[in-house]
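None of the values given here were measured: they were computed from a predicted structure.
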Amino acid sequence: MARISGKELEAMELYRQAIAQAKESGFTQNEALANELAAQFYFHKGWDEIGQVYIREAAYNYQKWGAQAKVQQLETKYPKILRRGGPSGSSMDSFQTVNSSTGSSRGSSLDLFTVMKASEAFSSEIILSKMLEKLIQILQENAGASKAFLILKTEHQLTVEAAVVSGEERMNLQSIPVEECDEISSAIVNYVAKTQSDVVLNNATREGLFTQDPYILKHQPKSVLCTRIRHQGKLTGILYFENNLTTDAFTSDRLEVLQILASQAAISLENALLYRTLEQKVEERTAELAQANAEITILNERLKADNLRMTAELDVTRRLQQMILPKHAELNAISGLDIAGFMEPAEEVGGDYYDVLQYQDRVKIGIGDVTGHGLESGVLMIMAQTVVRSLFEGNFTNPRNF
């Protein structure tokens with residue numbers, strides 16, 4: 001019911017409980033069935049590594065219960081998982097070989113359930129920094145490592161993002177390039193990234209390809225494990241572990257459990273990285289908008305200053321225009337002139353003007369138009385009108401000369 005309702009975390013826990021209770025009660029057939037159904041659940045989710053472990057457990061229990069036909073059905077349905085070949089190629093040999101990778105005592109299966117339950121802690125976390133902190137702690141505890149490092153792959157380089165060192169507090173690092181981190185072997189990390197293969201050194205100073213690595217020579221680690229984190233066929237990150245107390249610390253059992261965890265962690269990492277990218281884009285857009293707003297504010301201040309200056313200039317021009325326009329007293333002093341209407345200065349400074357001048361019993365009426373409006377047109381009108389009055393008062397009465 002939890003699976004059908006989409007309550008995936010609840011379904012995971014209930015499958016685990018069903019398997020544990022069936023085992024405790026001795027109902028081997030129920031334990032087999034619960035493992036099979038859990039495997040189908042994880043296969044459907046795309047978590048094949050986890051599903052493989054469950055289907056092997058199912059086949060083992062069906063074999064133990066004596067349901068040979070069911071074993072053969074699972075072999076047919078999952079040939080690549082269940083037929084890895086023993087000496088005789090029989091089903092029992094196959095399952096003994098398969099189960100030897102997880103431990104013939106089957107105690108490691110219970111460890112696996114514990115690990116899967118612990119993995120829920122980071123699978124539901126979407127904030128990258130918190131998710132990395134939980135992930136590296138869980139991995140370090142289950143690996144039995146003195147030191148654990150989580151390395152993420154970006155477009156251009158490998159960077160150490162989180163670490164746990166025994167006896168020290170957990171560290172959330174700020175994207176330190178692998179080559180700049182003196183706590184790990186960059187040669188091993190780069191080898192894993194390039195070859196896409198895991199490195200397990202049971203005695204790092206005496207075996208393997210890295211006995212002459214400067215880091216190994218300097219720090220003398222006992223055991224080293226470096227494995228990949230992959231998602232949809234692509235390298236997402238790398239896990240690096242060291243145990244400085246004992247050799248042969250990283251067994252095949254531990255490696256399998258860590259790879260299962262890494263597979264599930266890859267999905268959570270992908271989601272967390274997408275969320276971080278979204279947050280970064282929001283921050284970038286916010287910063288861009290803030291910068292644009294600041295620029296607009298500065299521009300508005302400049303425009304206000306320009307408007308104040310222009311308003312002052314236009315006001316001066318308007319007053320000058322009004323000063324040189326014909327006064328009512330001047331118009332009334334002209335005998336025989338009937339004023340049917342007159343113009344008042346416009347609110348907007350422009351280039352239209354008129355003039356009525358009386359000089360030595362003569363009257364000159366001037367009407368002018370300067371194309372456009374604004375300060376330049378107004379100043380040009382003032383210049384033209386001043387010239388007209390100056391010429392008139394200078395007794396330039398000949399129209400042609402004028």
Side-chain angles (χ1 to χ4, degrees), residues 1-86 88-121 123-124 142 252-268:
M1 291 177 65
R3 177 182 63 81
I4 294 173
S5 302
K7 301 175 182 178
E8 296 175 354
L9 294 179
E10 183 178 345
M12 291 169 61
E13 172 61 17
L14 291 174
Y15 279 128
R16 187 195 68 79
Q17 290 181 16
I19 293 168
Q21 290 174 10
K23 178 178 176 60
E24 183 180 355
S25 302
F27 296 119
T28 306
Q29 70 276 28
N30 291 346
E31 185 181 357
L33 179 60
N35 272 288
E36 182 184 2
L37 295 176
Q40 293 176 4
F41 168 78
Y42 285 105
F43 283 139
H44 180 72
K45 294 298 297 177
W47 297 345
D48 292 352
E49 291 85 352
I50 302 175
Q52 289 175 14
V53 174
Y54 275 107
I55 203 64
R56 291 172 193 164
E57 292 295 319
Y60 178 87
N61 281 282
Y62 281 128
Q63 179 79 41
K64 182 179 176 181
W65 189 41
Q68 297 298 331
K70 183 64 179 178
V71 172
Q72 292 175 4
Q73 180 205 22
L74 293 180
E75 281 185 330
T76 303
K77 189 174 182 179
Y78 306 103
K80 293 182 180 180
I81 301 173
L82 298 181
R83 283 194 177 276
R84 299 194 177 182
S88 66
S90 67
S91 297
M92 181 61 75
D93 289 334
S94 255
F95 290 126
Q96 286 175 347
T97 303
V98 170
N99 279 276
S100 68
S101 66
T102 56
S104 58
S105 67
R106 301 188 17 86
S108 62
S109 298
L110 294 179
D111 294 337
L112 177 60
F113 298 141
T114 302
V115 171
M116 290 175 58
K117 181 173 176 60
S119 70
E120 296 175 14
S123 64
S124 59
N142 284 277
S252 58
D253 291 348
R254 290 190 186 276
L255 178 58
E256 184 172 6
V257 169
L258 289 171
Q259 286 175 336
I260 292 172
L261 267 180
S263 175
Q264 188 173 357
I267 302 171
S268 301

For a 4.5 angstrom cut-off between non-hydrogen side-chain atoms, does [X] reach [Y]?
X   : Y   : value
E10 : R3  : no
T76 : Q73 : no
W65 : E31 : no

F27 atom CZ: more than 12 heavy-atom contacts under 6.0 Å: no

[X] to [Y] - nearest heavy-atom pair and separation:
X   : Y   : result
L33 : Y62 : CA-OH, 3.5 Å
A34 : I19 : CB-CG1, 3.5 Å
A2  : L14 : CB-CD1, 4.1 Å

How many angstroms lie between atom [atom1] of [X] and atom [atom2] of [Y], to the nearest 0.5 angstrom?
X   : Y   : atom1 : atom2 : answer
L74 : I81 : CG    : CD1   : 10.0 Å
I50 : F43 : CD1   : CZ    : 10.5 Å
N61 : Q29 : CG    : CD    : 9.5 Å
Q52 : L82 : CD    : CG    : 9.5 Å

By side-chain hydrogen bond (donor to acceptor under 3.5 Å, both in side chains) - contacts of Q17 (at least two apart): E13

Residues in salt bridge (charged side-chain N to carboxylate O under 4.0 Å, His left out) contact with E8, at least two apart in sequence or another chain: K45

salt_bridge(K70, E36) N-O dist < 4.0 Å: yes

Plane angle bin for Y54 and Y42 - parallel if under 30°, tilted between 30 and 60°, otherwise perpendicular: parallel

Working for side-chain contact (heavy atoms from CB on, under 4.5 Å), residues I4 and M1: CA-CA 5 Å; I4 294 173; M1 291 177 65; 5.9 Å; no

